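Just follow the structure's listing: the first ligand is 1, and inside any ligand the first atom is 1. All values derive from a computational prediction rather than experimental measurement.
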Amino acid sequence: MNPVKSATQATAEEASRMGKQTLTIIDNRTGKQYEIPIAHDAIRAMDLRQIKLNEHDFGMVSYDPAFTNTASCISRITYIDGDAGILRYRGYPIEELAEKSNYLETAYLILRGELPTKQQLAEWTYHITHHTFIHESIKKFLDGFHYDAHPMGMMISTIAALSTFYPDAKDIFNQESRLKQTWRLIGKMPTLAGFAYRHSLGMPYAYPDNELSYAGNFLNMLFKTTELKYRPNPTLERALDTLFILHADHEQNCSANAMRNVGSSHVDPYSATAAATAALYGPLHGGANEEVLRMLLEIGSVQRVPEYIKRVKAGEFKLMGFGHRVYKNYDPRARIVKRIADEVFEVMGRNPLIDIALECERIALQDDYFVKRRLYPNVDFYTGLIYQSMGFPVTMFPVLFAIPRTSGWIAQWEEMLLDPEQKIARPRQVYLGEEQRPYVPIEQR
Ligand code: CMC
């Protein structure tokens, strides 16, 4: 992994090329002037601390709820230009990876920084494939869940439970140990997901088939019934694998931030991944794909779309699958997802909800409310339709996001651990509560 350069350590060459790289701040309360270094278009929040009213003052902090304009790390994994609708993993455009790569190769790229050679890919695939089995005891606590338990709840619990099976995972600064947990996590996520799904149906668990591809084996663990050997439909297998590529990483989103935040306490990667999975479960994040499908079902027909959009604009609810913190243009993943939808519909038949989705998009893209706020379809808008056509129940949709995102989470976690500038994540607050006051005995309140 490359050594990490500090945010304010622009090289001398960069500094001279770009002119004076500082920001001058005048504090109008005191008339004092401060010069703060700029690097990579960023200032260090700690440089604001010197701005004080007097020597007893704590110093200035920056206030940024929801981190809308705060870089929490330096990263070399994923690049997004939200205005231009660009997404790249380690420099490679998502469109090229979706067309030419496969999920395990992309996971290697995200984690290692480079595309693997043939031999590296073979070894990587071998190791992940040979870590797909889970301890039999995990079946016992899966059995404790209600038949209608949400699979994300089962995933979060069982991922956290993996930490109890692999105490060696606590050795987080040991590269070999991290690699082993990486194989395990990427390998076991589909198995946990498959088992959670089969539990909800009351079907016997289907064990991994190491002869199948990553996506093919996942389909096997979900849908295998009495056949001796499950053979995935190649179009569906490829479609799922491509969707996995699209979901592999997305820089500092809510769940990646959770992974880094929780991991910064130096807990084991299973516990941190369980936290990231919990973050992903929310309807504003990875749970949105589930909400989109419920929304399309509720709309029910193309004719009812205008009325629904009217209610969205009146602030009754959001148009799920629309909008993004970073993309202020068409989400490049959504474009690819639309193409995959056509391929899947050719095999499985056209999902009738697609017409409602297309009408939502058509109306929204012309409507002032959405245009002004730069709200475009995001990755979740069309994925649900594909998943539904492939036979997944809606509750499995966020799980289909969590499986591939695991490689991104681990990459973000490892980058955080190896960054000498990172410490335990611990934000400041602006306290506006009560001043000190004496305790009042209960009889006097
Ligand atoms: N429908 C209607 N209005 C919206 C929507 C939407 N989907 N998204 C944002 N807005 C409005 C919002 O009400 C606000 O309006 P106003 O300025 O009048 O108050 C404005 O647009 C800006 O929105 P915001 O909430 O400040 O934006 P944000 O960056 O905090 O939120 C978001 C981003 C993704 C949480 C939000 O767009 C949203 O809730 N979308 C629906 C849920 C969704 O599809 N989530 C999946 C995200 S992509 C997959 C992933 O990475 O998880």
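- Side-chain atoms of Q252 and Q412 form a donor-acceptor pair, as typed in the model, at a separation below 3.5 Å.
- Ranking protein heavy atoms by distance to atom 8 (N) of ligand 1, first place goes to L375 CD2, 3.7 Å.
- No side-chain donor from either of N351 and Y382 sits under 3.5 Å from a side-chain acceptor of the other.
- Those atoms of ligand 1 with a heavy atom of G286 less than 4.0 angstrom away are 52 (O).
- In this pair, F244 and Y214 present their aromatic rings perpendicular. The plane angle is above 60°, beyond the 30 to 60° band.
- Checked against the 6.0 Å centroid threshold, F392 and F397 do not count as a close aromatic pair.
- The proximity of V292 to ligand 1, defined as any non-hydrogen pair under 4.0 Å, does not occur for either the backbone or the side chain.
- In this structure, atom 32 (C) of ligand 1 has its sub-4.0 angstrom surroundings free of protein heavy atoms.
- The shortest separation from a heavy atom of N253 to ligand 1 is not under 4.0 Å, leaving the residue out of contact.
- For the residue pair Q181 / R178, no side-chain donor-acceptor distance below 3.5 Å is found, with atom types taken as modelled.
- Atom 18 (O) of ligand 1 lies below 4.0 Å from at least one non-hydrogen atom of the protein.
- With ligand atoms numbered from 1 in the order given, ligand 1 contributes 1 (N), 2 (C), 6 (C), 7 (N) to contacts under 4.0 Å with heavy atoms of L319.
- Scanning the protein for heavy atoms near atom 34 (C) of ligand 1, the closest one is G323 O, 3.7 Å.
- By the 3.5 Å distance cut-off applied to N or O atoms, H285 is counted among the residues near ligand 1.
- With a 4.0 Å heavy-atom cut-off, ligand 1 is reached by no atom of E291.
- Ligand 1 places these atoms under 4.0 Å from at least one heavy atom of A288: 43 (C), 44 (O), 45 (N), 46 (C).
- Atom CZ of R304 is surrounded by 12 or fewer heavy atoms from other residues, nucleotides or ligands within 6.0 Å.
- Under 3.5 Å, the side chains of E346 and T235 contain no donor-acceptor pair of N or O atoms.
- From the protein, the heavy atom lying nearest to atom 36 (C) of ligand 1 is K318 NZ, 4.0 Å.
- Heavy-atom contacts of Y369 reach the following atoms of ligand 1: 2 (C), 3 (N), 4 (C), 11 (C), 13 (O) (cutoff under 4.0 Å).
- The presence of a protein heavy atom under 4.0 Å from atom 51 (O) of ligand 1 is confirmed.
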Derivation of the side chain to side chain contact (heavy atoms under 4.5 Å, CB included) call for F218 and F223
CA-CA 9 Å; F218 179 48; F223 299 130; over 6 Å; no
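- Checking Y92 against T106 by side-chain atom types alone, no donor-acceptor pair falls below 3.5 Å.
- Nearest protein neighbour of atom 49 (C) of ligand 1, counting heavy atoms only, is D380 OD2, 3.1 Å.
- With respect to atom 40 (N) of ligand 1, the closest heavy atom belonging to the protein is F322 O, 2.9 Å.
- Heavy-atom proximity to G321, at under 4.0 Å, picks out these atoms of ligand 1: 43 (C), 44 (O).
- Taking the six-membered ring for Trp and thresholds of 30 and 60 degrees, H247 and F401 have ring planes more than 60 degrees apart, a perpendicular arrangement.
- Counting only heavy atoms of the protein, atom 16 (P) of ligand 1 lies nearest to R373 NE, 3.6 Å.
- By the 6.0 Å and 45° rule, R374 does not stack over the aromatic ring of Y376.
- Residue L284 has at least one heavy-atom neighbour below 4.0 Å for each of these atoms of ligand 1: 39 (O), 45 (N), 46 (C), 47 (C).
- Within a 4.0 Å radius of atom 26 (O) of ligand 1, the protein contributes no non-hydrogen atoms.
- In terms of protein heavy atoms, atom 42 (C) of ligand 1 is closest to M320 CE, 3.5 Å.
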Checking salt bridge (charged side-chain N to carboxylate O under 4.0 Å, His left out) for the pair R311/E307: CA distance, chi angles, key distance, verdict?
CA-CA 7 Å; R311 293 175 67 194; E307 175 58 26; 5.2 Å; no
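- Less than 4.0 angstrom separates atom 21 (O) of ligand 1 from at least one non-hydrogen atom of the protein.
- The protein heavy atom nearest to atom 29 (O) of ligand 1 is R325 NE, 2.7 Å.
- The ring pair (Phe, Tyr, Trp, His ring centres under 6.0 Å) test with F381 is passed by exactly one of Y330, Y327, F322: F322.
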Go through the steps to decide whether Y103 and S407 satisfy the test side chain to side chain contact (heavy atoms under 4.5 Å, CB included), and finish with yes or no.
CA-CA 10 Å; Y103 173 67; S407 55; 2.9 Å; yes
